[in-house]
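Beneath this line is the structure, given in structure tokens, with notes to follow.
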Amino acid sequence: IIDTTAPSLSSVTISSNNSKNTAKAKVGNTITLSITSEESINNPSVSIAGETATVSGSGTSWTATYIMPSSYSDNTSVNFSIAFSDISGNAASTVTTTTNGSSVQFDKTAPSLYQVTAVTSLTGDTTPDYTFNSNEDGTITVGGDCNSDNNTAISGNNTITFGTTSALSGGTYNNCTITVTDNADNPSSALSVSSFSIDTTPPTLSEVTAVPTPDNDSTPNYTFNSS
């Protein structure tokens with residue numbers, strides 16, 4: 001039997017081992033191409049992100065992997081190419097697209113944060129609001145002595161309420177931080193929340209000088225002490 005027909009791939013998918021989203025990758029994530037051919041093929045030559053990938057498999061089932069470096073262009077899809085031929089030596093056209101529309105977006109940049117509206121330096125509110133800006137969507141983590149159940153950040157200004165997991169008690173809060181981790185699992189640097197104090201003790205009043213009784217003054221003075 002003479003075989004002059006080039007082979008074809010029935011399935012090509014791409015994914016990442018990113019812990020938050022397999023369609024995203026950051027530096028150090030492993031990209032995996034899963035390849036299935038219609039017939040047995042020779043060891044394919046595979047590149048991922050422009051570099052030679054590690055290939056394993058046999059027959060009609062193959063896998064290619066590559067660890068993403070910091071040198072790859074940010075915010076771009078991870079490209080790939082698969083060159084292959086069948087056992088008879090018939091070469092196929094190089095494949096550069098998946099069969100199911102899957103893709104992986106590379107993101108190597110962490111979010112950037114800055115403070116917008118601090119908590120009033122002295123307040124009696126045990127659940128005060130705080131506003132910061134993030135240049136990316138992501139997940140909020142509150143550190144230090146503060147807490148919050150607001151855990152979703154948008155790109156732009158974000159207002160969160162401290163003390164919603166457990167109300168803050170009276171005292172000074174000078175170690176609170178905000179971190180946002182983007183959808184590719186890149187964490188921002190911790191944003192230091194400006195120090196603030198909560199005073200939950202009401203003032204104590206005492207009389208100093210009462211209004212004389214009786215008194216004919218229609219606008220009498222009265223003196224008291226507050227502490």
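The analysis underlying the following values was restricted to heavy atoms, covering all of them including side chains, and did not include hydrogens, waters or symmetry mates.
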Without swapping roles, check the side chain of [X] against the backbone of [Y] for a donor-acceptor pair under 3.5 Å.
| X | Y | answer |
| --- | --- | --- |
| Gln105 | Ala23 | no |
| Ser34 | Thr13 | no |
| Asn175 | Gly144 | no |
| Thr179 | Ser188 | no |
| Asn151 | Ile140 | no |
| Thr164 | Asp149 | yes |
| Ser88 | Asn90 | no |
| Asn135 | Ser112 | yes |
| Asn158 | Ile154 | yes |
| Lys26 | Asn186 | no |

Trp62 and Asn43: side-chain contact (heavy atoms from CB on, under 4.5 Å), yes or no, with the steps? CA-CA 8 Å; Trp62 300 84; Asn43 197 74; 3.1 Å; yes
Can you hop from Ile31 to Ile67 via hydrophobic side chains spaced under 4.5 Å? no
Indicate if Val180 and Val27 have the same hydrophobic cluster label, given that clusters are the connected sets of ILVMFWY residues with side-chain heavy-atom separations under 4.5 angstrom. no
Which value, rounded to the nearest 0.5 Å, describes the distance between [X] atom [atom1] and [Y] atom [atom2]?
| X | Y | atom1 | atom2 | value |
| --- | --- | --- | --- | --- |
| Asp137 | Thr181 | CG | OG1 | 13.0 Å |
| Thr76 | Phe106 | OG1 | CZ | 7.5 Å |
| Thr96 | Asn79 | OG1 | CG | 9.0 Å |
| Asn29 | Met68 | CG | CE | 9.0 Å |
| Thr5 | Asp86 | OG1 | CG | 8.0 Å |
| Thr98 | Ile14 | OG1 | CD1 | 7.5 Å |

Could you walk me through whether Lys20 and Asp185 pass the salt bridge (Lys or Arg N to Asp or Glu O under 4.0 Å) check? CA-CA 6 Å; Lys20 293 192 71 173; Asp185 203 32; 5.3 Å; no
What donor-acceptor contacts under 3.5 angstrom involve side-chain atoms of residues 124-132, with partners at least two apart or in another chain?
unit_1: Asp125; atom_1: OD1; unit_2: Thr127; atom_2: N; d: 2.9
unit_1: Asp125; atom_1: OD1; unit_2: Thr127; atom_2: OG1; d: 3.3
unit_1: Asp129; atom_1: OD1; unit_2: Thr161; atom_2: OG1; d: 2.6
unit_1: Tyr130; atom_1: OH; unit_2: Gln115; atom_2: OE1; d: 2.8
unit_1: Thr131; atom_1: OG1; unit_2: Thr159; atom_2: OG1; d: 2.8

Would you say [Y] and [X] are linked by a side-chain donor-acceptor pair, where the criterion is simply a distance under 3.5 Å?
| X | Y | answer |
| --- | --- | --- |
| Asn183 | Asn21 | no |
| Ser81 | Ser47 | yes |
| Asn174 | Thr172 | no |

Does the pair Tyr173 and Ile198 meet the rule for a side-chain contact (heavy atoms from CB on, under 4.5 Å), with working shown? CA-CA 8 Å; Tyr173 292 82; Ile198 296 176; 3.8 Å; yes
Other residues, nucleotides and ligands only: do more than 12 of their heavy atoms fall within 6.0 Å of CG on Asn221? no
Give the intermediate values and the outcome of side-chain contact (heavy atoms from CB on, under 4.5 Å) for residues Thr32 and Thr63. CA-CA 7 Å; Thr32 298; Thr63 299; 3.6 Å; yes
Residues sharing Tyr114's hydrophobic cluster, by side-chain heavy-atom contacts under 4.5 Å among ILVMFWY, directly or via others? Val116
Is any side-chain heavy atom of Val95 closer than 4.5 Å to one of Phe84? yes
Which atom names give the shortest non-hydrogen contact between Ile178 and Leu113, and what distance separates them? O-CD1, 3.6 Å
Check the orientation of Phe162 and Phe196. Use parallel for under 30°, tilted for 30 to 60°, and perpendicular for over 60°. parallel
May I ask you to say whether Lys24 pairs ionically with Asp107, meaning some side-chain N is under 4.0 Å from a carboxylate O? no
